There are 2 protein chains.
Amino acid sequence: MPSHAHSHKKVIDLEAKSIELLKANGLSVTAPRKMILSLLLKEHGPFSAEEIFKKLPKYSCDQATVYRCLNQFVETQLVNTAYLEKELAHFEFNDPQHHHHHIICKLCKKIDSFHDCILDKIETNLLKKGYKDIQHRLEFFGVCETCQKA
Amino acid sequence: MPSHAHSHKKVIDLEAKSIELLKANGLSVTAPRKMILSLLLKEHGPFSAEEIFKKLPKYSCDQATVYRCLNQFVETQLVNTAYLEKELAHFEFNDPQHHHHHIICKLCKKIDSFHDCILDKIETNLLKKGYKDIQHRLEFFGVCETCQKA
DNA sequence: ATTACTTTGCAAGTAGTTTGCAAAAATATT
DNA sequence: AATATTTTTGCAAACTACTTGCAAAGTAAT
Ligand SMILES: [Mn+2]
Ligand SMILES: [Mn+2]
Ligand SMILES: [Zn+2]
Ligand SMILES: [Zn+2]
């Protein structure tokens, strides 16, 4: 089988998968939403909104549309956010089967990821990987009792 | 002993403690730095830069100075940051003896804190406290091997 | 096809934060 | 204590990431 046909098949699959996910989450199917979601399915990220915008075919949609789509994906939990650099959100497809976290180098900003989810163990593993001067930031988000009543 | 004298003593203690901390961290002692650090020692936070600015005596320093001081405190690790709301940094004094994390209500934005540091246990405890629809975000920060060499 | 509703591009606006620069304050040197 | 050197500050302007109003274009239900 020619590799060209193979990669074309993959694109179709991503598009089909995107359409399915959009519909399943009550979002209408538009060109920008399909493109952005396909991209996040294909490349794992996490990516900033600008990185995503630049990865899209030129002039294919506006940067404001990228932000709007990403916000909708976050609302529907199709996409997760990470705040790794100050003032700059990063986005990636939320695959609950592959829950994971990130480490960013304080100097070169390279982002690495890991699947462990217990803090001491994570820190030991990161030390083994050669990281130094490790810090972490852990925040929880939920709805408090007061707000559940109101 | 009159309570007035007592509270005055406390203020002196905070100022003395601030001066000590500034010097220990190689920062020169200035009025804004003393005021901001004293405030963070007195009230735990976490507070946004604007909240801190508004808590200071009126016209006592510029908002840009508050940002500059907070950034220096973060660099020297006197202060920790939390990114609880999108695009809005929160700051609090970093007391290594009282390592803890935060939960923010998705609706009313009220910030609560807890000292547990293992994820499953934390989530169980938060459920017991009455929170619903809990998510978490955990990021690590460190210096990678490549950057240590360079 | 027609209708009702949603989304988009564009340009302008906003929030939070940073920066250049001259004046003022803090520290080091004499 | 006076002076020199270095650092910090206030102010205004700039900047970055992100959002929004609105008219035109697209989507989806009938
Ligand atoms: Mn990831
Ligand atoms: Mn706290
Ligand atoms: Zn690095
Ligand atoms: Zn609440």
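Given the structure is predicted, the values throughout are model-derived calculations rather than measurements. Reminder, nothing fancy here: chain letters follow the sequence lines and each chain counts from 1.
Looking at the side chain of B:Leu88, the nearest of the listed nucleotides C:dG16, C:dT18, D:dT8 is C:dG16. Distances were taken from every side-chain heavy atom of A:Cys61 (C-beta onward) to each of C:dG9, C:dT8, D:dA28; the shortest belongs to C:dG9. Checked against D:dT9, C:dC10, D:dC18, the side chain of A:Asp62 finds its nearest nucleotide in C:dC10. Of the candidates C:dT7, D:dT8, C:dT18, C:dT18 carries the atom nearest the A:Lys86 side chain, counting heavy atoms from C-beta on. When distances are taken from the side chain of B:Pro32 to each of C:dT6, D:dT9, C:dG16, the shortest belongs to D:dT9.
A straight line from NZ of A:Lys34 to P of D:dG26 spans 13 Å, rounded to a whole angstrom. Atom-to-atom, NZ of B:Lys23 to C1' of C:dT27 comes out at 11 Å; the value is rounded to the nearest Å. When rounded to the nearest whole Å, the span between CZ of B:Phe91 and C1' of C:dG16 equals 10 Å. The nearest whole Å value for the distance from the CG atom in A:Leu70 to the C1' atom in D:dT19 is 13 Å. Following rounding to the nearest Å, A:Gln63 (CD) and C:dA12 (P) show an atom-to-atom distance of 16 Å. As a whole-Å value, the separation of A:Lys58 NZ from C:dG9 C1' is 18 Å. Put simply, CD on B:Glu75 is 11 Å from P on D:dT8, counting in whole angstrom units. Residue B:Leu22 contributes atom CG, which lies 13 Å from atom C1' of C:dA26 at whole-angstrom precision.
Remark: aromatic rings of B:His44 and B:His100 are close, center separation under 6.0 Å.
Contact check on B:Lys55 versus B:Glu51 returns no salt bridge, with no Lys/Arg side-chain nitrogen under 4.0 Å from an Asp/Glu carboxylate oxygen.
Between A:Phe140 and B:Phe114, the angle of the ring planes goes over 60°, which puts this pair in the perpendicular group of the 30/60° scheme. Between A:His136 and B:His99, the angle of the ring planes goes over 60°, which puts this pair in the perpendicular group of the 30/60° scheme.
Between B:Phe47 and B:Leu40 the shortest side-chain heavy-atom distance falls below 4.5 Å. Residues B:Val79 and B:Gln72 fail the side-chain proximity criterion, which asks for heavy atoms closer than 4.5 Å.
The phosphate of D:dT8 (OP1 or OP2) has a side-chain N or O of B:Ser28 nearer than 4.0 angstrom. Under 4.0 angstrom from either OP1 or OP2 of C:dT18 there lies no side-chain N or O belonging to B:Tyr67. One finds a side-chain N or O of B:Thr65 lying less than 4.0 angstrom from the OP1 or OP2 phosphate oxygen of D:dG10. Contact between the side-chain N/O atoms of B:Asn71 and the OP1/OP2 oxygens of C:dT18 is found at a separation under 4.0 Å.
The base of D:dG21 sits within donor-acceptor range of the side chain of A:Arg68, with an N or O pair under 3.5 Å.
Here the side chain of B:Arg33 pairs a donor or acceptor atom with the backbone of B:Ser28 at under 3.5 angstrom.
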Problem - Residues A:Ser113, A:His101; criterion side chain to side chain contact (heavy atoms under 4.5 Å, CB included); working and verdict - result: CA-CA 6 Å; A:Ser113 65; A:His101 299 286; over 6 Å; no
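Within residues 42-57 of chain A, no residue is approached by DNA chain C to less than 4.0 Å at the level of any non-hydrogen atom.
Both B:Ala64 and B:Thr30 lie close to DNA chain C; mapped to their nearest nucleotides by heavy-atom distance, the more 5′-ward contact belongs to B:Ala64.
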